[in-house]
Amino acid sequence: MEDPRQHILPVYRPPEEVFVQGEGVYLFTEDGRRYLDFIAGIAVTALGHAHPAMVEALRDQAGKLWHTSNMFRVKGQEELADKICRDSFADRVFFTNSGTEAIECAIKAARKYHWAAGNADRLDIITFTGAFHGRSIGAINAGGNPKYLEGFGPKLPGFVHLEWGDHDALKAAVAASTAAAVLVEPVQGEGGVRAMPEQCLKGLRDLCNEHGVLLIYDEVQCGMGRTGQLWGYQWAAGADPDILCAAKGIGGGFPFGACLMTEAVGEPMQPGSHGSTYGGNPLAMAVGNVVWDIISSEEFLANVRRVSGTLQQGLKSLADSHPDKVEGVTGKGLLTGLRLKADPKNLQGICRDGGLLTGVAGNNVLRLAPPLIIDDAQVRDAIGMIDAALTEWTP
Ligand SMILES: *Cc1c(COP(=O)(O)O)cnc(C)c1O
């Protein structure tokens, strides 16, 4: 029999299951098997699958107008940007189709800001080990992961990679006359679901201020309510960024992203300096406005914090009852996981066979990122399934 994947570029290694339908926190295969979704398309389907308000908004917009490009005003962009700026540090928003593109916009805006101020040699984007910022040439150079750079030509100048937690190196890099911006995930996603301590975010903000360096948060994965605050950095007081990249949860499954910035950073980005054909198209904006209205409410976020507590408690109990296999609990809110003593790939497969979908991160973390609408009973179900899988697992 022919491999049905023979014409797909083999950059992924998905399991055999084919999902054909989603409902809330569950996914279904063709043969009707039900799975509890604790990865949510990698922290994307924040409101679960087929949320009625999102479906209605998309259907309604699909019957009216799909696309005009940014040659023309897009009403939905103006509405959503108003809401984002009402609820955030930001004054200006650029809409993209993905997280990677939000990162590209952030890097360009940071450099342009310094260039416009007469500091054209402030080019360096400072990042940390374990970072992930996307897969474009710019984003892999920002991330600095050697595995992702291999074979794709010379490393670009203008990126400085530091060891996570090396404060002396950080101070020196930010003080350098070539420093443009620090780019950091308040909770690293791919790198192992690792939260930056709150006092470090504040310290980083102060350090950047001291040297006129911009602070960029990559909240593509940890933003949009995932940690129980609208943005993950908001757990730290006084640590507002100059630029913030959002995507994943912001579209709830419709692909789009956003680069948020202050007036000062946005000012030099004048006509001709950046653009996108599709970014912020009417379909994306119809869904994005609905997602924003739901997730940005304090009541919704309070519920995320509450259910996060249930999940964290459950994970701690798993760590306690499987000390031979689990090293600890990591992450924040509903971007979390179990740090294991071995590669979690097999465990992920056992969970899936038991009806639970999970992710992996770093080289030893079983990553959990359920839809934000998950409830306590569903969390307890998941904990029970992971418990059974851990018992069965031989690392
Ligand atoms: C997923 C991710 C990206 C890249 O987003 P895409 O939509 O895949 O381009 C960038 N940064 C972080 C932190 C991510 O998790």
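Order of listing sets the numbers, starting from 1, for every ligand and every atom in it. Nothing here was measured: the structure is a model prediction, and the numbers come from that model. Numbering starts at 1 and runs along the sequence shown.
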ask   = If we only count N/O pairs under 3.5 Å, is Gly134 in contact with ligand 1?
value =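 No, Gly134 has no N/O under 3.5 Å of an N/O on ligand 1.
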ask   = Is it the side chain (CB and beyond), the backbone, both or neither of Thr100 that lies under 4.0 Å from ligand 1, heavy atoms counted?
value =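 The answer is both, backbone and side chain.
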key: Top protein contact for atom 1 (C) of ligand 1, by heavy-atom distance   = Lys248 NZ, 1.5 Å
remark   = for atom 6 (P) of ligand 1, nearest protein heavy atom and its distance come out as Gly99 N, 3.5 Å
inquiry  = Regarding atom 10 (C) of ligand 1: of the candidates Glu104, Glu101, His133, which has the closest heavy atom?
reply    = His133
Please determine if [X] and [Y] form a salt bridge, counting it only when a charged side-chain N lies under 4.0 Å from a carboxylate O.
| X | Y | result |
| --- | --- | --- |
| Lys83 | Glu78 | no |
| Glu185 | Arg194 | no |
| Lys202 | Asp206 | yes |
| Glu198 | Lys332 | yes |
| Asp242 | Arg205 | yes |

In terms of atom number and element, which parts of ligand 1 are under 4.0 angstrom from non-hydrogen atoms of [X]?
| X | answer |
| --- | --- |
| Glu185 | 13 (C) |
| Asp218 | 10 (C), 11 (N), 12 (C), 13 (C) |
| Ser98 | 7 (O), 9 (O) |

ask   = Has the side chain of Glu79 got a donor or acceptor atom that lies under 3.5 Å from a matching backbone atom of Gly76?
value = no
